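Presented below is the structure to which this report refers.
Small disclaimer: the values here were computed from a predicted structure and weren't measured. Order of the sequence lines fixes the chain letters, A, B, ..., with proteins taken first and strands second; residue numbering starts at 1 for each chain.
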Number of protein chains: 2
Amino acid sequence: MTKTIAVDTQASKDRLRLWLRVLKATRAVENEVRENLRREFSSTLPRFDVMAALTQHNDGLKMSGLSTVLKVSNGNVTGIVERLVEDGLVIREKVPGDRRASLVKMTAKGRAEFAKQAAAHEQWIDTMFAGVAAEQVVPIADALDAVARQLDDKDER
Amino acid sequence: MTKTIAVDTQASKDRLRLWLRVLKATRAVENEVRENLRREFSSTLPRFDVMAALTQHNDGLKMSGLSTVLKVSNGNVTGIVERLVEDGLVIREKVPGDRRASLVKMTAKGRAEFAKQAAAHEQWIDTMFAGVAAEQVVPIADALDAVARQLDDKDER
DNA sequence: GTATGAAACTTTAAGCTTGAAGTTTACTGG
DNA sequence: CCAGTAAACTTCAAGCTTAAAGTTTCATAC
């Protein structure tokens with residue numbers, strides 16, 4: 001077996017510093033997006049996330065599918081979808097042959113509403129990330145993807 | 001006046017993609033940190049954040065100071081500090097000359113506990129970011145700092 | 001002094017989030 | 001068939017989070 005020994009190198013400190021910056025930037029952007037969603041659309045980030053996932057999966061997603069895609073708990077999805085249904089943005093269909101499950105889909109109203117929100121969202125992000133040099137965008141995205149993928153792989157084990 | 005016209009360029013799409021990756025990586029790391037804090041220390045990220053802020057400000061912070069530093073609402077800080085006080089990790093001192101305010105400080109128990117958590121935390125981060133090449137660390141940190149700073153500046157206006 | 005307004009908080013209502021426990025339905029081995 | 005187990009959810013308790021409203025204290029102007 002391989003034993004990992006704690007060493008507090010410069011590289012280690014740099015990585016911690018990187019994480020703190022990533023976190024700070026993410027929270028700043030997220031707060032701005034939340035505030036904009038609230039002000040302009042009277043909505044929230046979790047609702048936006050659910051609608052985005054359903055838009056990508058045009059044939060619908062089961063509750064468990066939503067919680068897997070969004071990486072949140074089952075119980076969480078229950079509440080968010082509940083409220084989206086109340087607002088008529090989403091429907092829950094019965095799954096033939098499995099009375100436990102239900103398939104969540106966007107309604108026409110939901111699609112129209114989400115189209116507006118997604119367009120605004122893209123503009124917000126574009127403005128917020130304008131300060132990142134074009135040639136840095138792809139390398140940074142790839143580096144962070146490596147971090148996320150490593151953790152995803154770990155979860156699946 | 002300058003009018004901003006919406007243009008959906010390749011650069012714009014790349015920036016959106018970058019944001020989605022940043023978000024994904026951040027959530028993955030955050031989830032891991034939350035889970036580790038819960039499992040190993042029966043604690044949470046907000047509690048860790050408050051203790052980290054108080055550790056950096058050794059002479060204490062007022063409630064309003066905490067909410068400014070952490071960029072969360074006043075009411076939020078009230079609850080978290082309340083629970084930290086219950087656990088004896090933090091104390092609230094009276095501010096002489098201002099009966100409205102109180103100064104929050106770490107206790108000896110809090111300092112001892114946080115030292116353990118911070119050391120573990122640094123190790124977790126080091127492991128999770130091991131996949132990022134050393135020479136990329138600083139440039140990425142700087143690029144994201146630009147994003148955060150732009151939003152901070154905007155808030156102060 | 002005393003009104004008036006600001007500052008520093010706390011409280012509240014509503015929504016988000018999780019892990020754990022509970023319910024109903026489906027599947028599988030004997 | 002049917003017992004046991006797994007799957008797909010929902011419910012629950014506790015904590016996090018915010019905006020808005022409320023409270024007490026302080027500062028300033030008159």
Side-chain angles (χ1 to χ4, degrees), chain A residues 26-28 30-51 53 60-87 89-90 92-104 155, chain B residues 26-28 30-51 53 60-87 89-90 92-104 155:
Chain A
T26 302
R27 285 185 178 170
E30 244 183 3
N31 281 343
E32 178 83 6
V33 171
R34 275 178 211 282
E35 196 182 319
N36 289 351
L37 279 175
R38 195 181 65 78
R39 204 183 43 241
E40 295 184 25
F41 299 105
S42 302
S43 192
T44 67
L45 204 42
R47 291 164 62 106
F48 183 84
D49 288 344
V50 166
M51 288 196 283
L61 274 175
K62 292 197 289 184
M63 297 297 273
S64 51
L66 271 171
S67 77
T68 302
V69 170
L70 300 176
K71 292 203 186 91
V72 298
S73 65
N74 288 344
N76 189 356
V77 172
T78 300
I80 298 167
V81 167
E82 205 169 84
R83 284 177 284 274
L84 286 173
V85 168
E86 279 171 19
D87 293 349
L89 299 170
V90 138
R92 297 180 63 154
E93 289 182 356
K94 287 174 186 160
V95 173
D98 192 340
R99 281 184 293 173
R100 297 167 303 179
S102 57
L103 204 56
V104 185
D155 281 348
Chain B
T26 302
R27 286 185 179 169
E30 245 183 2
N31 281 343
E32 179 83 7
V33 170
R34 278 179 208 281
E35 197 181 319
N36 288 351
L37 278 175
R38 193 182 67 79
R39 203 184 42 243
E40 295 184 24
F41 299 105
S42 303
S43 191
T44 66
L45 204 43
R47 291 164 62 106
F48 183 85
D49 288 344
V50 165
M51 289 197 281
L61 273 174
K62 292 196 291 183
M63 297 297 273
S64 51
L66 271 172
S67 76
T68 302
V69 169
L70 301 176
K71 293 205 186 89
V72 297
S73 65
N74 289 343
N76 190 356
V77 172
T78 300
I80 299 167
V81 168
E82 207 168 84
R83 284 178 283 273
L84 286 173
V85 168
E86 279 171 19
D87 293 349
L89 300 170
V90 137
R92 296 180 62 155
E93 290 183 354
K94 287 175 186 160
V95 173
D98 191 342
R99 283 183 292 174
R100 296 168 303 178
S102 57
L103 204 56
V104 185
D155 282 348

Could you run down nucleotides 7-14 of chain C 5' to 3' and tag each one B, S or - for protein heavy-atom contact under 4.0 Å? BSBBB---
By side chain to side chain contact (heavy atoms under 4.5 Å, CB included), which residues pair with [X], not counting sequence neighbours?
{"X": "T44(B)", "answer": "P46(B), R47(B)"}
{"X": "N74(A)", "answer": "S67(A)"}
{"X": "V69(B)", "answer": "A53(B), H57(B), L61(B)"}
{"X": "E82(B)", "answer": "T78(B)"}

Scan L70(B), V77(B), V104(B) and name whichever one has a side chain to side chain contact (heavy atoms under 4.5 Å, CB included) with V50(B).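 Testing each of L70(B), V77(B), V104(B) against V50(B), the sole residue satisfying side chain to side chain contact (heavy atoms under 4.5 Å, CB included) is L70(B).
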Roughly how far, to the nearest 0.5 Å, is the CD1 atom of I80(B) from the CE atom of M63(B)? 9.0 Å
Looking at M51(B) and L84(B), what are the two nearest heavy atoms and their distance?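 Heavy atoms of M51(B) and L84(B) come nearest at CG-CD1, 4.3 Å.
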Would you mind classifying the nucleic acid contact of L45(B) as base, sugar-phosphate or nothing, using non-hydrogen atoms under 4.0 angstrom? nothing
Answer whether the closest heavy-atom distance between the side chains of E30(B) and R34(B) falls below 4.5 Å. yes
Between [N] ([atom2]) and [X] ([atom1]): distance, integer Å:
{"X": "K71(A)", "N": "dC16(C)", "atom1": "NZ", "atom2": "C1'", "answer": "19 Å"}
{"X": "E30(B)", "N": "dT18(C)", "atom1": "CD", "atom2": "P", "answer": "11 Å"}
{"X": "R34(A)", "N": "dT17(C)", "atom1": "CZ", "atom2": "C1'", "answer": "11 Å"}

Examine dT24(C): is either OP1 or OP2 under 4.0 Å from a nitrogen or oxygen in the side chain of R99(A)? Give yes or no. no
Counting just side-chain N and O atoms, does R83(A) come under 4.0 Å of either OP1 or OP2 of dC16(C)? yes
Span of DNA chain D in contact with chain B (heavy atoms, under 4.0 Å): dG15(D) to dC26(D)
